[in-house]
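Written below as structure tokens is the structure these notes are about.
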2 protein chains.
Amino acid sequence: MTSPASTRVRILDAALDLFGQRGVDSVSLDEIAREVGVRKQTVLYWFPSKDELLDAVLETAAAELVAVIDAAVRSAPADPLERIDSVVRAVFRPAVRRPAVLGLIRELGRLSPAHAARLREHLDPLIARAIEAIGAEMDAGRLRRGDPGLIAALAYATVTGVATEPEVLRTVGWTADARGLRQLRDELRAFLRAALAPDS
Amino acid sequence: MTSPASTRVRILDAALDLFGQRGVDSVSLDEIAREVGVRKQTVLYWFPSKDELLDAVLETAAAELVAVIDAAVRSAPADPLERIDSVVRAVFRPAVRRPAVLGLIRELGRLSPAHAARLREHLDPLIARAIEAIGAEMDAGRLRRGDPGLIAALAYATVTGVATEPEVLRTVGWTADARGLRQLRDELRAFLRAALAPDS
DNA sequence: CACAGCCTCTACCATTTGGTAGACAGCGGA
DNA sequence: TCCGCTGTCTACCAAATGGTAGAGGCTGTG
């Protein structure tokens, strides 16, 4: 029925969704197993502990995210504003397709140091490179001068903030569905444009 | 030693901090009690269940937040840009003083409908009024035309995003301390200015 | 057919969780 | 002095949690 590796993958998949939706600590192994249609002990066969399951989930999610963004960066246009634009679009794409990824991001702040390190391992180089690139464009006068780190922080905070799937945002008439995410993404792109376009 | 009501207040206080730091589900009543220096059953004496404790925590936190912001709005200057500026500063103030408030905001997305409603009860009117006011200023030509709801959503997302106390943001050289929050707040203010200043 | 390895299962276990029942200490008022 | 109220305590409990031990079924290969 199922190919040899697929149970493992299905567990990873279900765990990502559940961890993202409800928080790592609030999801039991039993629940993940039930979702997959298997016993808890099968989960523990594939991942010796909940901790290592989380580690694997973070690992694969981060790797996928980095791959998507890397690809976008490589194929992005040369003009710095266009470039930022297409990267922002790329960052939002996995989130639109898979809201649980946003949920996981929301968990960042309360992960154990070991798990946080696992994520940083993947994301740090990416962010560092982006900041460096923005800084270089500023030096070359193709972007308005500013603190690239702060601007990255703001953009990052925005993405993270969307992760709250907020009840509150409903008041704003905003919905955390694909359409809402796209709207917000476009708003962020406009903001970045306004902030970074060279004065000229 | 302790005045009659103070145990209750101390429990609320400790619960806010712990819920914010580590997530509602991950904090046990025992832990809260230990923090206060009291037995778990004393906590259950003051709040008949964990659910009602959470409710009370949200209630008081939201009420305080709204009070702070309301005061800021009332004493804010008339010029719309200045006005937004001083409200943004006000929103950040409780967060700077009490990081756990940010942690609680991060919990928003996974609160039960009942608890989320409790929060919306306080925050909705505030947000609705802000959006209405921004819309009015746009109509009057004192702010650049745009979707006030989306702009509010973006600003809100930023504040929420900061709540992640992110490991990742450290890469950016950013720190989630008071200084870092102030820097980010100022960056957000600049963004809002850039986005909303009338074309003239 | 037999065997070995892979995978999932049943059966437990200790710990922790939110919650209940009720004893008892202190204190102000009659 | 006694009473009743407030607030904290000790003593439990059922359910759920992460995790262990080991049996047994299914598969492809010799």
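Proteins come first, then strands; the chains are lettered A, B, ... in the order of their sequence lines, and each starts at number 1.
- Axis deviation across the helix from C:dC1-D:dG30 to C:dA30-D:dT1 amounts to 10°, comparing end segments of five pairs, rounded to 10 degrees.
- The side chain of A:Thr7 contributes no N or O atom lying less than 4.0 Å from OP1 or OP2 of C:dC7.
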Could you give the side-chain donor-acceptor pairs of residues 36-44 of chain B under 3.5 Å, partners two or more places apart or in another chain?
none

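- Under 4.0 angstrom from either OP1 or OP2 of C:dC6 there lies no side-chain N or O belonging to A:Trp46.
- For B:Glu121, the CD atom is densely surrounded, since the number of other residues' heavy atoms within 6.0 Å is greater than 12.
- Qualifying side chain to side chain donor-acceptor pair (under 3.5 Å) partners for A:Ser26, counting only residues two or more places apart in sequence or in other chains: B:Asp25.
- The shortest non-hydrogen separation linking A:Met138 to A:Gly146 is SD-O, 3.2 Å.
- Evaluation of the salt bridge (charged side-chain N to carboxylate O under 4.0 Å, His left out) rule for B:Asp79 yields no partner, not counting sequence neighbours.
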**Report entry** Contact letters for nucleotides 17-23 of chain C, in which S counts primed atoms plus P, OP1 and OP2 and B counts the base, heavy atoms under 4.0 Å
**Finding:** SBBBB--

Let me have the donor-acceptor pairs involving side chains of residues 70-77 of chain A, under 3.5 Å, with sequence neighbours excluded, atom names and distances please.
from, atom 1, to, atom 2, distance (Å)
A:Ser75, OG, A:Ala71, O, 3.3
A:Ser75, OG, A:Ala72, O, 3.4

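- Contact annotation: A:Tyr45 does not reach the phosphate of C:dT8 (side-chain N/O to OP1 or OP2, under 4.0 Å).
- Both B:Val91 and B:Leu119 sit in one connected hydrophobic cluster of ILVMFWY residues. Membership requires side-chain heavy atoms under 4.5 Å apart, directly or through other members.
- Using a 4.0 Å cut-off between charged side-chain N and carboxylate O, A:Arg189 and A:Asp186 make a salt bridge.
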